[in-house]
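So you know, we letter chains A, B, ... as the sequences are listed, proteins then strands, and number each from 1.
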Amino acid sequence: MSKKTKLTLISIIACIGILFILNSTLGSYQLRILNLCGIYVILALSLNLINGFVGLFSLGHAGFMAIGAYTSALLTMPPEAKEMNFFLKPIVPWLANVQLSFPIALFMAGVLAAGAGVLIGAPVLRLKDDYLAIATLGFSEIIRVIFTNTQSITNGALGIKGLPYIGIFNKASEAIWWTWGVAIITIIFMALLINGSYGRAFKAIREDEIAAEAMGINLFKHKLMAFVIGSFFAGIGGALLGHLMGTIDPLMFRFLLTFNIVLIVVLGGIGSITGSVISAVIVTIAMEALRVLDGDMQIGSYIIKGIPGTRMVVFSALLMIVIIFYQRGIMGTNEFTWDWILKRQKKISEPLNKEKVS
Amino acid sequence: MAILKTDKITMKFGGLTAVSEFDMKIEKNEIIGLIGPNGAGKTTCFNMITGVYTPTEGKIYFEDKDITGEKTHEITKLGIARTFQNIRLFKELSVLDNVLIANHMRLGSNLFSSIIKTPDYRKKEKKIREKSLSLLRDVGLEDLKDEKSSSLPYGKQRRLEIARALATDPKLLILDEPAAGMNPQESNELMDFIRDIRDRFDLTIFLIEHHMQVVMGVCERIYVLDHGVKIADGTPNEIQNNEKVIEAYLGVD
Ligand SMILES: Nc1ncnc2c1ncn2[C@@H]1O[C@H](COP(=O)(O)OP(=O)(O)OP(=O)(O)O)[C@@H](O)[C@H]1O
Ligand SMILES: [Mg+2]
């Protein structure tokens, strides 16, 4: 085993330890935020693969998430719960009685989202890049319209309530292992992908399409690959989000959701895995911390009436400041890698008198 | 058998005819030049050969196979590699990565094995790393392998582009103004280098160049374009004494 593999294993074990401690000490509200952090890590990484590493500009994430969330919800809910939800119009018979275990449903959520990725990507990725943003944005809105109107499958605008807890034992305390488990798997997956030959090809496309093609890289094939992988993880992230919230409806998957993820990616550094991870955690926590701004505030004996939405205004302002001063995000395209950390450490621990020799 | 043959290729951009009925033929292992004043249509010829543009009319044959209108990456796979007049490196990536990327096409591993890093994939990755480092050594850039490619000085960027093109294992290498921005000493080295790689990699080389010293020094035959039309072809000696060529270059109407 190489040193780096060992370090990776050790840090995974450390993560598990930390999660274990947090899971048994934090309150349910904090745990919910921690779960949300894990989910946003997955979502940010999946968007970063498409937008950051291949340099495509996709705005369809909410659509893929919606597909994932509904798939997993409908596949895991017990028949009675479905019957209660679908009181206006009964659910189609072929869905009424299916109930799969959580991991299978989660996987199916990814698969269906990836399928949608093929359907939308295959025609659009052949076109110039500008069309992709418009087409994917349109796609995610269309998904919402479809889900609002296919009442016997999605329960339309009423949404679905009472999604089972994340996990197989139907216990809230299990969620953290799934959200962060999948997040860690996603991080490792992306790191392995990006550091392989295909990852290099992706980056080449981002840097210069004409040169990449002249090096024999099939642009369409590689773009589609990245797009479908990104959609898959978006579907998984969407499913986890749905189960965490417990309730889903088409409105939840508006463009604002995609926008949030784009912000996380930009803030973390387009094309940086570690950047996306750090940024996802910071932004998720900050969004919650700023929630106080929406409520009433008391200064001395004054009470300032809260205006809902203030936190978004403040958040956007903070974001603009960050973008102005750190144009390339927290990490740029750089990464914290073991090589980088080991090198630093060596520099620090090296005796200072070395300079005198030369 | 000619390795590359064009049959009256014409390229029109709207009302502008950039190249008109251009005929040429290159035999295996030749070093051929393409010259002409600015805007003569040289780069456009290269772009047609490499599939960036599909000729409006005419046909292109590579090793007797009709490649007219084929996709660029397919043509690269058949064995034509190129460099660009306005250097097109993968700027943010390291010097070594630039060359590694050119090996991707012939790697023969699927996405999945590249992710889980199968023993077979590891073996191939090691092999392309060695090959890329050896190519970098050939162009004298091995020490700079971890530098960002855009941080290299101009002449070195040009050499890196050649190394990258060579990494695709081409049969025909086409170079668009390889000596541009090089000082006389570098151009001299370039001439030796071009001859050397031709022999070592069993290549055929087709190049556009404005530095007459380089063209005349290294090319065995030369084609001359002016306003998209071929006005002459022949040995360097013949070209230097050709009236039409002299006129075109001196701008006499
Ligand atoms: N994509 C394009 N669209 C429109 N016109 C083009 C295009 N590409 C080239 N041209 C035109 O075709 C003509 C030939 O251009 P080309 O680049 O082939 O010339 P060149 O011989 O390579 O010149 P230089 O020595 O300056 O590189 C020019 O008039 C140019 O403006
Ligand atoms: Mg040119």
Side-chain angles (χ1 to χ4, degrees), chain A residues 1-2 4-5 8 49 52-55 126 185-229 232 269-272 328 332-335 337 339-340 343, chain B residues 46-47 50-52 71-84 86-94 96-118 121-122 124-125 128-129 146 148-150 161 164-165 167-170 174 176:
Chain A
M1 211 188 313
S2 75
K4 282 188 261 178
T5 321
T8 309
L49 175 66
F53 286 104
V54 194
R126 287 181 199 277
I185 291 171
T186 313
I187 295 169
I188 295 172
F189 178 93
M190 294 293 172
L192 289 173
L193 171 62
I194 288 309
N195 291 319
S197 192
Y198 284 82
R200 281 194 300 263
F202 291 163
K203 287 188 263 185
I205 294 173
R206 171 188 73 198
E207 295 294 314
D208 192 324
E209 286 200 2
I210 291 174
E213 203 179 8
M215 293 303 116
I217 294 169
N218 183 336
L219 296 181
F220 172 69
K221 185 177 130 192
H222 286 80
K223 285 178 181 179
L224 188 64
M225 255 180 209
F227 191 69
V228 171
I229 295 171
F232 176 83
I270 292 182
S272 166
R328 311 193 43 210
T333 49
N334 302 321
E335 302 281 2
T337 59
D339 286 332
W340 184 83
K343 227 191 276 170
Chain B
F46 274 19
N47 282 337
T50 54
V52 176
K71 290 225 172 64
T72 301
H73 65 89
E74 303 281 0
I75 290 174
T76 310
K77 195 156 201 178
L78 288 174
I80 303 182
R82 75 175 291 183
T83 64
F84 295 89
N86 313 309
I87 304 175
R88 283 180 173 272
L89 289 171
F90 306 120
K91 292 201 185 75
E92 292 288 318
L93 307 183
S94 73
L96 179 59
D97 275 349
N98 265 272
V99 185
L100 285 174
I101 283 162
N103 290 284
H104 180 67
M105 164 185 72
R106 298 201 201 279
L107 188 71
S109 279
N110 60 29
L111 177 69
F112 190 66
S113 51
S114 95
I115 293 170
I116 61 165
K117 314 260 186 268
T118 57
Y121 172 80
R122 280 169 200 269
K124 285 176 178 159
E125 174 86 21
I128 64 168
R129 243 164 230 280
D146 295 320
K148 202 157 117 174
S149 64
S150 58
E161 247 202 340
R164 188 178 70 170
T168 64
D169 298 333
I174 63 184
D176 199 341

Student: Heavy-atom distance under 4.5 Å to chain B: side chain of A:Ile210, backbone, both or neither?
Tutor: both
Student: Give, as side chain, backbone, both or neither, the part of B:Leu107 having an atom under 4.5 angstrom from any heavy atom of chain A.
Tutor: side chain
Student: Rounded to the nearest 0.5 Å, how far does CG of B:Leu93 lie from CD of A:Glu207?
Tutor: 4.5 Å
Student: Say you draw a straight line from CE of B:Met105 to OG of A:Ser197; how long is it, rounded to the nearest 0.5 Å?
Tutor: 11.0 Å
Student: To the closest 0.5 Å, what do you measure between CG (B:Asn98) and CZ (A:Arg200)?
Tutor: 11.0 Å
Student: Identify which part of B:Ala102 has an atom lying under 4.5 Å from any heavy atom of chain A, answering side chain, backbone, both or neither.
Tutor: both
Student: Is B:Lys91 in contact with chain A via its backbone, its side chain, both, or neither, using a 4.5 Å heavy-atom distance?
Tutor: both
Student: Can you say whether A:Ala212 sits under 4.5 Å from chain B via the side chain, the backbone, both, or neither, judging by heavy atoms?
Tutor: both
Student: Find the distance between CD (A:Glu213) and OG1 (B:Thr76) and round it off to the nearest 0.5 Å.
Tutor: 7.5 Å
Student: What part of B:Glu125 gets closer than 4.5 Å to chain A, counting heavy atoms only: side chain, backbone, both or neither?
Tutor: side chain
Student: If every non-hydrogen atom of B:Phe90 is compared with every non-hydrogen atom of A:Asp208, which pair is closest and at what distance?
Tutor: CE2-O, 3.7 Å
Student: What distance separates B:His104 NE2 from A:Met215 CE, expressed to the nearest 0.5 Å?
Tutor: 13.0 Å
Student: Could you tell me whether the side chain of A:Tyr198 and the main chain of B:Phe112 form a donor-acceptor pair under 3.5 Å?
Tutor: no
Student: Chain A heavy atoms under 4.5 Å from B:Arg129: which part of the residue, side chain, backbone, both or neither?
Tutor: side chain
Student: By a 4.5 Å heavy-atom criterion (distance strictly below it), what part of B:Arg164 contacts chain A: side chain, backbone, both, or neither?
Tutor: both
Student: Measure distances from B:Ile116 to the heavy atoms of chain A and classify the residue's part below 4.5 Å as side chain, backbone, both or neither.
Tutor: neither
Student: Among B:Leu100, B:Thr50, B:Ile80, who wins on heavy-atom pairs under 4.5 Å with chain A?
Tutor: B:Leu100
Student: Please evaluate residues A:His222 and B:His73 with respect to the criterion side-chain hydrogen bond (donor to acceptor under 3.5 Å, both in side chains), reporting the C-alpha separation (whole Å), side-chain torsions for both, the decisive distance (0.1 Å), and the verdict.
Tutor: CA-CA 12 Å; A:His222 286 80; B:His73 65 89; over 6 Å; no
Student: Counting only non-hydrogen atoms closer than 4.5 Å, does B:Thr83 touch chain A with its backbone (N, CA, C, O), its side chain (CB onward), both, or neither?
Tutor: neither
Student: Let me confirm one number: the CG-CD distance from A:Asn218 to B:Glu74, rounded to the nearest 0.5 Å.
Tutor: 7.0 Å
Student: Among A:Ala191, A:Ala204, A:Ala201, A:Gly196, which residue forms the greatest number of heavy-atom pairs with chain B at distances under 4.5 Å?
Tutor: A:Ala204
